[in-house]
Amino acid sequence: MSWWEALAIFAAGIAAGGINTVVGSGTLITFPVLLGFGYSPVTANVSNTIGLVPGSISGAIGYRRELAGQRPRLLRLGLASLLGGITGAILLLTLPAGAFKAIVPVLIVIALVLVVLQPRLARSLAARRAENGTSGEGPRHGGPLLWVAVFATGIYGGYFGAAQGVLLLALFGVFIAENLQRMNAVKNVLAAVVNGVAAILFMVVADVAWWVVLLIALGSVIGGQIGAKVGRKLPPTVLRAVIVVVGSVAVIRLLL
């Protein structure tokens, strides 16, 4: 690895850590860089996943203020992410690369539609619950449907991971009546769980490029802190717009 390749991977790690903290899709920055430097898709994906774990943790710490009072929610949804991440990592190591990746653009497009329609859907769901005599805010932790959806997102995150943050935020917006910044904090923790459990499995059984892991890890920690400071200042409308833009770029990159 030349010095400029190392610098490029480190810089990509900073960018990925920052954008993962704000919304997600940081993998779509680091993964193509690694492919461009000649790493095989599986090795690049595995090394990238391990390297981004410290950045996910850094972003979650940066959002610790918004995590206050959310421990029950984190425990409930964290279990779904844990099980999903394990399943996705196993799939990556056992299935052909194209088998799961083919549906990724579809998942992201659905997520973007949910993000755009989230305010209207949330109002509609609240009105329906009120008509039925139940709480207008819905289940505090999203109910069983959200748990299953977070589990499925964990599978996707353990396998590839690009834009899993977009998917999570879209789901939260529909199923939980909560401040978007607080949901972004939860998203960072769940992403750290998925990446962390997948990374542990990859370190044991997969081919890892450890210098790549180190460079991405260092960069993503810095990016995670930058992303937390920037993301917290964005109002819900702007943050939603950022999600849509990043998600759209993710779809284009994957299709190309």
Side-chain angles (χ1 to χ4, degrees), residues 5-35 37 39 43-67 74 78 81-82 85 88-89 92 153-154 156-169 181 183-203 206 208-234 239 242-243 246-247 249-250 253:
E5 289 176 335
L7 183 60
I9 294 173
F10 175 69
I14 294 176
I19 201 168
N20 273 342
T21 301
V22 175
V23 56
S25 297
T27 289
L28 294 178
I29 297 175
T30 46
F31 186 69
V33 170
L34 297 182
L35 292 181
F37 290 149
Y39 293 94
T43 298
N45 194 11
V46 165
S47 304
N48 177 67
T49 297
I50 298 173
L52 287 177
V53 170
S56 298
I57 296 173
S58 175
I61 293 173
Y63 264 90
R64 61 189 178 277
R65 188 170 64 209
E66 285 76 13
L67 290 172
L74 290 173
S81 292
L82 177 70
L92 176 65
T153 304
Y156 166 60
Y159 189 93
F160 184 54
Q164 68 170 312
V166 174
L167 293 169
L168 287 172
L169 286 175
Q181 293 290 2
M183 289 294 90
N184 201 25
V186 173
K187 177 265 294 179
N188 287 331
V189 173
L190 298 188
V193 170
V194 171
N195 289 342
V197 70
I200 292 173
L201 182 59
F202 293 157
M203 286 189 289
V208 180
W210 288 107
W211 278 112
V212 168
V213 169
L214 177 61
L215 291 168
I216 292 179
L218 292 174
S220 66
V221 168
I222 297 172
Q225 291 300 304
I226 295 173
K229 292 181 179 180
V230 172
R232 183 180 286 114
K233 297 177 181 179
L234 295 177
L239 182 56
V242 171
I243 294 171
V246 171
V249 172
R253 292 289 296 271

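For reference, positions follow the sequence shown, starting with 1.
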*Intermediate values then yes/no, side chain to side chain contact (heavy atoms under 4.5 Å, CB included), Gln164 and Tyr159*: CA-CA 11 Å; Gln164 68 170 312; Tyr159 189 93; over 6 Å; no

*Checking side chain to side chain contact (heavy atoms under 4.5 Å, CB included) for the pair Leu92/Phe202: CA distance, chi angles, key distance, verdict?*
CA-CA 10 Å; Leu92 176 65; Phe202 293 157; 3.3 Å; yes

*Step by step, would you call Ile216 with Leu34 a side chain to side chain contact (heavy atoms under 4.5 Å, CB included)?*
CA-CA 10 Å; Ile216 292 179; Leu34 297 182; 4.1 Å; yes

*Working for side chain to side chain contact (heavy atoms under 4.5 Å, CB included), residues Phe10 and Ile222*: CA-CA 10 Å; Phe10 175 69; Ile222 297 172; 3.9 Å; yes

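No side-chain donor-acceptor contact under 3.5 Å links Ser58 to the backbone of Pro54. Judged by distance alone, the side chain of Lys187 and the main-chain N or O of Thr21 form a donor-acceptor pair under 3.5 Å.
The shortest non-hydrogen separation linking Val186 to Leu67 is N-CD2, 3.9 Å. Here the closest heavy-atom approach between residue Asn195 and residue Ser56 is recorded as ND2-OG, 3.3 Å. Shortest non-hydrogen contact noted between Met203 and Ile50 is CG-CD1, 3.6 Å. Between Ala12 and Thr30, the closest heavy-atom pair is O-CG2, 3.5 Å. Contact between Gly26 and Ile19 at its shortest, heavy atoms only, is CA-CG2, 3.3 Å. When all heavy atoms of Tyr39 and Thr43 are compared, the pair lying nearest together is CD2-CG2, 4.4 Å.
Note that OG1 of Thr27 and CG of Leu52 are 5.0 Å apart. Values are rounded to the nearest 0.5 Å. Going from atom CD1 of Ile226 over to atom OG of Ser220 covers 11.0 Å, rounded to the nearest 0.5 Å. A distance of 10.5 Å separates CE of Met183 from CG of Leu168, quoted to the nearest 0.5 Å. In this structure, Tyr63 OH and Asn184 CG are separated by 4.0 Å, a value rounded to the nearest 0.5 Å. Rounding to the nearest 0.5 Å places CZ of Phe160 at 5.5 Å from CG of Leu28. In this structure, the separation between CD1 on Ile61 and CG on Asn188 is 11.0 Å, given to the nearest 0.5 Å.
At most 12 non-hydrogen atoms from other residues, nucleotides or ligands lie less than 6.0 angstrom from CH2 of Trp211.
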